[in-house]
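Worksheet: the structure to be examined is printed underneath.
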There are 2 protein chains.
Amino acid sequence: MRAGERRTTLADVAAEAGVSVALVSIVMRDAPGASAATRQRVLEVARRLDYQPDSRARLLRSGESRLIGVVFGVQHPFQHDVLTGLYDAADKQGYELALSAVTPRRDERTAIGSLLQDRCAALILLGPQIPVAELAALSDRMPVVAMMRGVRHRAVDVVRTDDVRGLRLAVDHLVTLGHTRIAHVDGGRMIASAERRQGYQEAMRRHGLDEHLRVVVGGSGEEDGVRAARELLDDPPTAVTVFNDLSAAGMLDVLPRLGLSVPGDISVVGYDDTSFSRLAHIDLTTVAQDIDTMTTLAVARAVERIAGAGITNREVVIPPRLVIRGTTAAPRG
Amino acid sequence: MRAGERRTTLADVAAEAGVSVALVSIVMRDAPGASAATRQRVLEVARRLDYQPDSRARLLRSGESRLIGVVFGVQHPFQHDVLTGLYDAADKQGYELALSAVTPRRDERTAIGSLLQDRCAALILLGPQIPVAELAALSDRMPVVAMMRGVRHRAVDVVRTDDVRGLRLAVDHLVTLGHTRIAHVDGGRMIASAERRQGYQEAMRRHGLDEHLRVVVGGSGEEDGVRAARELLDDPPTAVTVFNDLSAAGMLDVLPRLGLSVPGDISVVGYDDTSFSRLAHIDLTTVAQDIDTMTTLAVARAVERIAGAGITNREVVIPPRLVIRGTTAAPRG
DNA sequence: ATGAAAGCGCTAACAC
DNA sequence: GTGTTAGCGCTTTCAT
C-alpha cells in the first residue's frame with residue numbers, strides 16, 4: 001500500500017459517475033429513488049473504484065447502528081458454537097456483530113467497555129460473570145441480553161437453558177439405568193455452576209437418594225475434570241454428572257488410566273453437547289443446549305429492545321435435551 | 001432502557017461543565033492545552049454523566065483509526081491462544097482490535113468484508129485460506145499481515161513459524177530416540193499443511209529414511225486424528241508426527257482402544273503446544289510456536305505499515321521449540 | 001487556556 | 001429522478 005493514498009468515498013464515485021452524492025447514497029443503500037440506468041452506472045463505477053461504504057460514517061449519520069455487541073470467552077469451546085449461531089441469527093435480521101473477547105488477561109469490563117465506545121445498539125453477553133448490579137447499570141444505557149446465565153433483574157433480558165431440568169434429565173437417565181451412587185462434579189466459580197448443582201441435588205432427593213449426594217468441586221476446563229476424577233477415586237461412585245463436556249472429556253481421558261473403565265465401572269454424563277462430544281472416540285452422553293433456538297431468540301430479543309419493545313417475557317428458558325451416547329450404561333452387578 | 005433516550009455527547013458534558021466542546025475534547029484525549037482545574041472539573045462531569053466517547057465519530061474526524069482488524073477461525077483452539085496474545089500486543093501499542101470470525105457458515109471473504117467497512121487501519125489474518133491473488137488485492141488497499149502462513153507476494157507481510165524446521169525438530173527427536181519407521185499425519189487442506197509435510201519429508205531424507213516415508217491425509221480436528229489412527233493400523237509405525245495438537249489428541253484417545261499404547265507401542269508428536277497439550281493426562285510432546293513473539297511482531301508490523309514504513313524484512317520466520325513430554329519414548333526392542 | 005468554526009463520509013429532508 | 005442542504009459527534013485549525 002502506498003502511503004498517503006486516500007480511500008474511495010461516495011464523493012469520488014459521484015464525481016466519476018457524474019451524479020450527486022445523494023444519488024449514489026441511494027443506489028448504495030438500494031433505496032428507492034433512482035432510475036435503473038443510473039443505478040447500473042453508479043454500481044459499475046463503484047465496483048471499478050473498489051468503493052466500500054464507511055460503516056462508521058453511515059451509522060454516525062443515520063443514528064441507528066444495526067450493530068450488536070457480543071462478549072465471549074476465548075477459553076470456552078461451547079461459546080464458539082454459540083458465536084456461530086449468533087452470526088447466523090444476526091445475519092437474518094440484517095444486523096452485524098461486533099465481537100469482544102475475554103481472555104486470561106482481558107477482563108469482562110474491558111471487553112464491554114470497548115463495545116460501548118463502538119456504539120452498539122445492544123449487547124449480548126455469553127455467561128457474564130460480572131455482578132447483577134453492573135449488568136443492571138449497563139442495561140440503563142442499552143438493551144442487554146444475558147445468555148447462559150440467570151439474572152434476577154427487571155431490565156436485563158435472559159436467554160438460557162433450564163439447567164435444573166438439564167441435570168434432572170441426566171440423573172433420571174442414570175437412575176433408570178439402575179445407578180444410585182451418582183456424584184456431581186460442579187463448575188467451580190463458573191456462573192452456571194450453582195444452577196446445575198442444584199438440579200443435581202433436587203433430582204437426587206426426588207429419587208430418595210439423599211444419602212448418596214456427593215458434590216466435588218470442579219471447573220470448566222479439562223484439567224478440572226482430571227482433578228475431580230482423582231478426587232473421586234477414594235470411593236468411586238458408579239456414575240457421575242459433570243458441569244460441562246470439556247471437564248467430562250478430561251475425566252474420560254484419565255479414568256481408564258486410574259483403572260476405571262467407562263462405562264463399565266463408571267458412567268459419565270457431560271453438558272453442552274459441544275461439537276467434540278459427538279466424536280466417535282469420545283461418544284459422550286450429554287445434555288444438549290438448543291443453540292439454534294437460543295441464539296435466534298437472543299438476537300430477536302435484542303432487536304425488539306432496540307426497536308423499543310415493551311418488557312414482557314423477560315426471561316426465556318429453553319428446555320435441554322438429553323443425548324444418550326456411549327459413556328453411560330447400567331452399573332455392574 | 002427507556003426508548004428515545006439519547007446518549008451523552010461531548011456537547012452535553014461541555015454544557016454541564018460550562019466550557020466549550022473543544023476543551024472537553026482536549027481533556028478527554030488527555031491532550032495538552034487545558035488547566036489542571038478545568039481538566040478535573042470536566043472529568044468529574046464526564047464521569048457523572050456516564051459519558052463514553054463515540055469511537056466512530058472520533059475516528060471519522062481524526063482520519064486515523066487505531067483499529068486493527070483480526071480474522072480468526074472459531075474452530076481452532078490455537079488461534080484463540082493467538083487472539084489472547086494479539087490483544088496484549090495491541091494494547092501496548094495503543095491500538096484496538098476488531099474481531100471477525102470465520103465459522104462453518106461464514107467464510108473468510110465475509111469476515112474480511114465486514115472489517116473493510118469498519119475502516120480498520122490494518123488487517124491481521126490468522127492462517128488465511130484465500131488465494132495469494134486476493135491477499136495481494138487486499139494489501140493494495142491496506143496493510144495486511146498474514147500469520148501462520150507463508151505468502152509469496154511483495155506486498156503482504158508475513159509472521160509465521162518455521163514449520164519446516166518444526167517438523168525437523170520432531171523427526172530429529174524421534175530418530176535420536178531410535179525410531180526409523182516414522183509416519184506423518186498431515187493437515188489435509190489446511191494452509192500450513194504443505195510446509196509441515198515438507199519438513200517431515202526433508203528430515204526423513206536427511207536421516208536416510210526415505211524408504212520409511214509415509215504420509216497419511218489428516219486435517220485440523222480431533223476426528224481427523226482418529227481417522228488417521230485407524231488408517232495407520234494396517235501397518236503401524238513406531239512413531240508419528242501430527243499436523244497439530246488437536247488431531248494428535250484425537251489419535252491419543254483412540255490408539256489405546258485400538259490396542260496400541262502410547263508411548264510404548266507408538267510415539268506421538270503434536271504441533272502448536274495448545275494449552276490442553278500441557279494437561280497431565282494428555283502430556284503431549286509437541287512443537288511450540290512462540291505466540292508472544294509472533295503476536296508482538298505481527299502487531300508491530302501492522303503499526304509500522306500504518307505509519308507508512310518502507311518494505312523491508314517482509315517475512316518474519318520464528319523458530320519453533322520442541323517441548324518434550326510423555327508421548328514419546330524409545331521404540332520397543 | 002479557551003472558544004468558534006470547519007469538516008470527516010455519510011444519510012435524510014426537502015426542493016426542483 | 002435528481003440535486004441541495006444540513007448535521008450525526010467528534011477533532012482540528014485558528015483566533016482570542
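Side chains included, hydrogens not; waters and symmetry mates left out as well; all remaining heavy atoms used. First the proteins, then the strands, lettered A, B, ... as listed; each starts at 1.
The distance between atom CG of B:Leu10 and atom P of C:dG7, rounded to the nearest whole Å, is 20 Å. Atom C1' of nucleotide C:dC8 and atom CZ of B:Arg119 are separated by 12 Å, given to the nearest angstrom. Straight-line distance from the CE atom of A:Met28 to the P atom of C:dG9: 16 Å, rounded to whole Å. With rounding to whole Å, A:Arg41 atom CZ is found 12 Å from D:dG1 atom C1'. In this structure, CD of B:Gln117 is placed 11 Å from P of C:dC10, rounded to the nearest angstrom. Rounded to an integer number of Å, the gap from CG of B:Leu23 to P of C:dA1 is 10 Å. The distance between atom CD of A:Glu64 and atom C1' of C:dC10, rounded to the nearest whole Å, is 13 Å. With rounding to whole Å, B:Arg56 atom CZ is found 16 Å from D:dT11 atom C1'.
Of the candidate nucleotides D:dT2, C:dT11, D:dG9, D:dT2 has the atom nearest to the side chain of A:Thr38. Here the nucleotide nearest the side chain of A:Ile26, chosen from D:dT2, D:dC10, C:dC10, is D:dT2. Side chain of B:Ser62, nearest nucleotide from D:dC10, D:dT12, D:dC8: D:dT12. Of the listed nucleotides (C:dG3, C:dG9, D:dG3), C:dG3 has the atom at the smallest distance from the side chain of B:Ser20. For B:Val21, the listed nucleotide lying nearest its side chain is D:dT11; candidates were D:dT11, D:dT2, C:dT2. Closest approach to the B:Asp54 side chain among D:dT11, D:dG3, D:dG9 is made by D:dG9 (side chain taken as heavy atoms from C-beta onward). The side chain of B:Ala34 sits closest to C:dT2 out of C:dG9, D:dC10, C:dT2.
Salt bridge B:Arg305/B:Asp157: present, at least one basic N to carboxylate O contact under 4.0 Å.
At the phosphate of C:dA12, OP1 or OP2 sits under 4.0 Å from a side-chain N or O atom of A:Arg29.
Put simply, the side chain of A:Glu108 gets close to the backbone of A:Gln129: a donor and an acceptor are under 3.5 Å apart. Side chain of B:Thr8 to main chain of B:Leu49: a donor-acceptor pair is present (N/O by atom type, distance under 3.5 Å, no hydrogens or angles). The closest donor-acceptor contact from the side chain of B:Asp12 to the backbone of B:Thr9 lies under 3.5 Å.
At a threshold of 4.0 angstrom between heavy atoms, the contacts of A:Ala22 include nucleobase atoms, whether or not backbone atoms are also involved. Residue contacts for B:Gly33: at a heavy-atom cut-off of 4.0 Å it reaches a base atom on one of the strands shown. B:Ser25 comes within contact range of at least one nucleobase, with a heavy-atom separation under 4.0 Å.
Between B:Val19 and B:Arg61, the one whose closest nucleotide on DNA chain C sits nearer the 5' end is B:Val19.
Side chains of B:Gln289 and B:Thr161: a donor on one and an acceptor on the other come within 3.5 Å.
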